[in-house]
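As structure tokens, the structure follows; a few thoughts come after it.
Throughout, protein chains are lettered first and strands after them, A, B, ... in sequence-line order, and every chain is numbered starting at 1. If you're wondering where the values come from, they're calculated on a predicted model, not measured in any experiment.
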Protein chains: 2
Amino acid sequence: MATTTRPQHDLAPHPEAHDPSLDEHTASALRLWVIMSRAQAAVTAQASADVARHGLTLAEFGILEALYHRGPMLLGEVQKRILVSSGGITFLVDRLTAKGLVERRSCEYDRRARYAALTDKGTALVAEIFPEHAAVIARAMAVIPPEEQQQVANSLRTVGRAAAGLPSHSAE
Amino acid sequence: MATTTRPQHDLAPHPEAHDPSLDEHTASALRLWVIMSRAQAAVTAQASADVARHGLTLAEFGILEALYHRGPMLLGEVQKRILVSSGGITFLVDRLTAKGLVERRSCEYDRRARYAALTDKGTALVAEIFPEHAAVIARAMAVIPPEEQQQVANSLRTVGRAAAGLPSHSAE
DNA sequence: GCATTATGCTTCAGCACTGAGAAGCTGTCC
DNA sequence: GGACAGCTTCTCAGTGCTGAAGCATAATGC
């Protein structure tokens, strides 16, 4: 029998024990970090399992979803949006192309650049699975009330922007 | 010049555009998911870069930190704590052993089981780098006030436990 | 007590992705 | 109009981890 206690797909850090060498502010921040990592990992595991039913990774789904909601995009734009490496975006688009879900189109005004665009098959797939996927996420989040979700979102947006080195209220 | 727009080390999903087919509750949950993923990715990138200065991955650091704060642990315990696969824990402990930071000890009462324990070198390393690491995390979180951190932590704990399939207020 | 089932760790092939480098294209500044 | 900095994409070797199978040991049922 295989053991493999379903690993939550993402590594979560050090659930903090009490370390007397830390001041209370630091210890509290560390606890938040641990809790955030675990929540993220647990929800990611569900989201990942959901798209895996259709033979997709989360990164692939992210690309499909972006193209579905925004139309054709330059590879570089997609890359920034789903946060993968430059090599990664090429690799992922290749794979989606091989699956017949995405196609590359050349850019008329800049011959270095290429667009990624959904094929009809890709559009149909996203239209089919996106609502279910959204429901999976929503169900995971629904354990806290909407106004709490709103507050958490505001706080985490601040954390995320600061950590990513962005201005506090950038447009994009 | 290499381009490689520093990928935040973790894949973040689909920043939601407005999809009229979704009800507002779902759309809001989805936005939270995106924001949480990005915040997590950004902070992870910083944490990861911090431990990378010492030639460690976050998973390795997680093991060292757990052993430092709790003493020797069975491999299976460590595995559950840092959320890696069964194969992963063997692999990681092997690598830490090769670096001379961790050693395996056999268990007196169950000859299947093995303990992982810090060596002197490992203990010294954690003692050296843990405070800095905690400070890096704390700095990232410090952009929101302590009481807000507390609220976010409470909310996310609920989300994490529910998504991981645990009871709402389990002890561990 | 002996089969059966469960548990703890290991092995190993495989996979998703990174990151450094390179090739091609564009615009700009002499 | 040529050099060159700066993008955009692609290549590919390398990495860190997963997950299924497997071995050894322990616990349980009969």
Side-chain angles (χ1 to χ4, degrees), chain A residues 1-12 41 44-45 48-49 51-52 55-63 72-99 102 104-116, chain B residues 1-12 41 44-45 48-49 51-52 55-63 72-99 102 104-116:
Chain A
M1 186 206 189
T3 313
T4 320
T5 18
R6 86 194 112 125
Q8 307 306 44
H9 174 271
D10 203 320
L11 39 92
T44 297
S48 188
V51 298
L56 297 172
T57 66
L58 270 183
E60 289 175 322
F61 180 79
I63 294 176
M73 296 170 77
L74 293 177
L75 289 191
E77 293 174 334
V78 182
Q79 183 197 335
K80 280 176 208 126
R81 207 173 158 87
I82 67 162
L83 301 180
V84 294
S85 63
S86 59
I89 194 64
T90 297
F91 172 76
L92 288 165
V93 170
D94 279 353
R95 204 165 52 190
L96 288 170
T97 301
K99 289 178 185 173
V102 161
R104 281 186 171 83
R105 294 180 190 163
S106 54
C107 173
E108 196 174 350
Y109 302 110
D110 186 342
R111 290 199 299 179
R112 293 169 302 182
R114 327 222 26 207
Y115 288 101
Chain B
M1 185 202 189
T3 310
T4 320
T5 15
R6 84 193 115 126
Q8 307 307 41
H9 174 272
D10 203 320
L11 39 93
T44 297
S48 188
V51 298
L56 297 172
T57 66
L58 270 184
E60 288 175 323
F61 181 79
I63 294 176
M73 297 170 76
L74 293 176
L75 289 193
E77 293 174 334
V78 182
Q79 184 198 335
K80 280 177 207 125
R81 207 172 158 86
I82 66 161
L83 301 182
V84 293
S85 64
S86 59
I89 193 64
T90 297
F91 171 77
L92 288 166
V93 170
D94 279 352
R95 204 165 53 187
L96 289 169
T97 302
K99 290 178 185 173
V102 161
R104 281 186 172 81
R105 294 178 191 165
S106 54
C107 173
E108 197 174 350
Y109 302 109
D110 185 341
R111 289 199 299 179
R112 293 169 301 181
R114 332 236 6 220
Y115 287 101

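Atoms CD (B/Glu77) and P (C/dG8) sit 9 Å apart, rounded to a whole Å. In this structure, the OH atom of A/Tyr115 is 12 Å from the P atom of D/dT8, given to the nearest Å. In this entry the distance linking CG of B/Leu92 with P of C/dC9 reads 14 Å, nearest Å. Protein atom CZ of B/Arg81 is 19 Å distant from nucleotide atom C1' of C/dG8, rounded to whole Å. Rounding to whole angstrom units, CD1 of residue A/Ile63 and C1' of D/dT9 are separated by 14 Å. Summarising the geometry, the separation between CG on A/Leu56 and P on C/dC15 is reported as 16 Å, rounded to the nearest angstrom. Straight-line distance from the CE atom of B/Met73 to the P atom of C/dG8: 13 Å, rounded to whole Å. Atom-to-atom, CD of B/Gln79 to C1' of C/dT7 comes out at 12 Å; the value is rounded to the nearest Å.
Minimum heavy-atom separation, B/Leu83 to A/Ala41: CD1-CB, 4.4 Å.
A donor-acceptor distance shorter than 3.5 angstrom exists from the side chain of B/Lys99 to the backbone of B/Gly55, with no hydrogens or angles considered.
Which of C/dG8, D/dG16, C/dC17 sits closest to the side chain of B/Phe91 comes down to D/dG16. Nearest nucleotide to the B/Arg95 side chain, out of C/dT10, C/dC17, D/dG16: D/dG16. You'll find that the side chain of A/Leu75 is closest to D/dT9, out of D/dC17, C/dA16, D/dT9. The nucleotide whose nearest atom lies closest to any side-chain atom of A/Arg114 is, among D/dT9, C/dC9, D/dC17, D/dT9.
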Output a table of nitrogen or oxygen pairs between the protein and nucleotides 24-26 of chain C separated by less than 3.5 Å.
from, atom 1, to, atom 2, distance (Å)
C/dT26, OP1, A/Arg111, N, 3.2

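Nucleic acid contact class of B/Gly76 (heavy atoms, under 4.0 Å, all strands): sugar-phosphate only. Among the protein residues, B/Ile89 comes within range of no part of the nucleic acid, since none of its heavy atoms lies under 4.0 Å from any strand. Counting non-hydrogen atoms under 4.0 angstrom, B/Thr90 reaches a base of the nucleic acid.
Taking 4.0 angstrom as the limit, A/Thr57 places a side-chain polar atom (N or O) nearer than this to OP1 or OP2 of C/dC17.
Between atom CG of residue A/Leu92 and atom CG of residue A/Leu56 there is a gap of 11.0 Å, rounded to the nearest 0.5 Å.
For the side-chain contact (heavy atoms from CB on, under 4.5 Å) criterion with B/Tyr115, the lone passing option out of B/Arg105, B/Met73, B/Arg104 is B/Arg105.
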